[in-house]
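Here is the structure we will look at, set down as structure tokens.
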There are 2 protein chains.
Amino acid sequence: MIDSITIKAVKSRLGELCKSKRQSYDMSQQDLGDALGLSRYTIQKFESGKNATLDTVLKIANHFGLLQSIFKGVNQVVDEQNDISLY
Amino acid sequence: MIDSITIKAVKSRLGELCKSKRQSYDMSQQDLGDALGLSRYTIQKFESGKNATLDTVLKIANHFGLLQSIFKGVNQVVDEQNDISLY
DNA sequence: TATATTTGTGTACTATAATAAACAATTATG
DNA sequence: CATAATTGTTTATTATAGTACACAAATATA
């Protein structure tokens, strides 16, 4: 049986991504929070896989230059939805 | 000048994606809310580009079979981070 | 056109994400 | 080792996402 990805797993992975990106820029949780107008605690909780708001996630993604690729990813899903009739 | 993608634009696009996916399954906002244990109002606000929680977004994504690809996308970013030294 | 369904919006309330501050436990750095 | 910086965690408070209900506007269906 192939176990499917859970929402919890995605949140954990997103937290890990934030941590690795942050560390690659030699930033502390405090530094990142300050840069985004968020508290250190919000960063801390997000990195440990807790729930957060979309705004928080997108602010972090934007700071690490990932917003464009997210936007493209979303558009791709919408497009492939509309292209089904062509197959 | 190339105008960069904004957080607001991404939220709007995510809302549009939810709406188009939902309609492709012939579901009302109420139907989707019921299926996910969310209120119709939460779906309504998300589809109109308002802020939401990560849980809400991932529940919706999961319902439309998009969780796996989100997980892969996150992993890709982490991987390309670690592979920089190979170039 | 009439009726039913869906959607947009408002208000009041509840749950929880986010803030702020403090302190202990880790993890660098001298 | 010492000490400085960072991180994990707690408590209290504030802001806001989410719920529930109602009703009007818009859309679909008879």
Side-chain angles (χ1 to χ4, degrees), chain A residues 6-64 66-67 70-71 74 77-78 81-82 84-85, chain B residues 6-64 66-67 70-71 74 77-78 81-82 84-85:
Chain A
T6 63
I7 289 175
K8 191 176 177 183
V10 173
K11 285 191 291 184
S12 292
R13 209 83 184 89
L14 280 171
E16 290 172 8
L17 168 57
C18 178
K19 185 173 182 178
S20 80
K21 274 289 178 184
R22 174 176 63 78
Q23 289 177 332
S24 76
Y25 285 95
D26 264 307
M27 299 177 83
S28 67
Q29 293 175 344
Q30 183 74 57
D31 291 336
L32 184 56
D34 289 345
L36 302 177
L38 297 173
S39 72
R40 181 175 75 82
Y41 189 54
T42 297
I43 305 296
Q44 155 67 25
K45 277 179 62 185
F46 179 63
E47 288 191 354
S48 60
K50 300 294 191 305
N51 197 12
T53 61
L54 193 50
D55 269 333
T56 293
V57 179
L58 295 181
K59 276 182 187 175
I60 293 170
N62 184 45
H63 188 264
F64 295 129
L66 300 172
L67 203 58
I70 289 174
F71 191 75
V74 175
V77 175
V78 178
Q81 180 85 9
N82 299 332
I84 288 176
S85 57
Chain B
T6 63
I7 288 174
K8 190 177 177 182
V10 173
K11 285 191 292 185
S12 292
R13 208 84 183 90
L14 280 171
E16 289 172 7
L17 169 57
C18 177
K19 185 174 182 177
S20 79
K21 274 289 177 186
R22 173 176 63 78
Q23 289 176 332
S24 76
Y25 283 95
D26 264 308
M27 300 178 84
S28 67
Q29 293 176 343
Q30 183 73 57
D31 292 335
L32 184 57
D34 289 346
L36 302 178
L38 297 172
S39 71
R40 182 175 75 82
Y41 191 55
T42 298
I43 305 296
Q44 155 66 25
K45 277 177 64 183
F46 178 63
E47 288 191 353
S48 59
K50 299 294 189 305
N51 198 12
T53 60
L54 193 51
D55 269 333
T56 292
V57 178
L58 295 180
K59 277 182 187 174
I60 293 171
N62 184 45
H63 189 264
F64 295 129
L66 300 172
L67 204 58
I70 289 174
F71 192 75
V74 175
V77 176
V78 177
Q81 179 86 10
N82 298 333
I84 289 177
S85 56

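Distance alone, capped at 3.5 Å, places no donor-acceptor pair between the T42(B) side chain and the L38(B) backbone. Looking only at distances, no side-chain donor or acceptor of N62(B) sits under 3.5 Å from a matching main-chain atom of K59(B).
Between the CZ atom of F46(A) and the P atom of dT19(C) there is a distance of 14 Å, rounded to whole Å. The nearest whole Å value for the distance from the NZ atom in K45(B) to the P atom in dG18(D) is 7 Å. Residue Q30(A) contributes atom CD, which lies 13 Å from atom P of dG8(D) at whole-angstrom precision. We find that CD of E47(B) is positioned 19 Å from P of dA26(D), with the value rounded to whole Å. Regarding I43(B), its CD1 atom lies at a distance of 13 Å from the P atom of dA20(D), rounded to whole Å. In this structure, the NZ atom of K59(B) is 16 Å from the P atom of dA17(D), given to the nearest Å. Across the protein-nucleic acid pair, K11(B) atom NZ and dT16(D) atom P stand 12 Å apart, rounded to whole Å. Whole-Å rounding puts the E16(B) CD to dT7(C) P distance at 16 Å.
The shortest distance between the side-chain N/O atoms of Q29(B) and the OP1/OP2 oxygens of dG8(C) is below 4.0 Å. Not one side-chain nitrogen or oxygen of S48(B) sits closer than 4.0 Å to the OP1 or OP2 atom of dG8(C). For dG18(D), one of the phosphate oxygens OP1 or OP2 lies less than 4.0 angstrom from a side-chain nitrogen or oxygen of T53(B). Residue R22(B) has no polar side-chain atom (N or O) positioned under 4.0 Å from OP1 or OP2 of dT6(C).
Among the protein residues, Q44(A) comes within range of the nucleic acid bases, having at least one heavy atom under 4.0 Å from a base atom. Using a 4.0 Å heavy-atom distance criterion, G33(A) is classed as making no nucleic acid contact. Among the atoms of the strands shown, only primed sugar atoms or phosphate atoms (P, OP1, OP2) are found under 4.0 Å from some heavy atom of T56(A).
A salt bridge between R40(B) and D34(B) is absent, with no side-chain N of the basic residue lying under 4.0 Å from a carboxylate O of the acidic one. Salt bridge status for K19(B) with E16(B): absent, with no side-chain N to carboxylate O gap under 4.0 Å.
Between Q23(B) and D55(B), it is Q23(B) whose nearest contact on DNA chain C lies nearer the 5' terminus. For S28(B) and L54(A), each mapped to the nucleotide of DNA chain C holding its nearest heavy atom, the one lying further toward the 5' end belongs to S28(B).
R40(B) contributes a side-chain N or O that forms a donor-acceptor pair with the base of dG8(C) under 3.5 Å.
Closest to the Y41(A) side chain, of the nucleotides dA17(C), dT11(D), dG8(C), is dT11(D).
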Problem set entry | Full working for side chain to side chain contact (heavy atoms under 4.5 Å, CB included) between I60(B) and V57(B) | CA-CA 5 Å; I60(B) 293 171; V57(B) 178; 6.0 Å; no

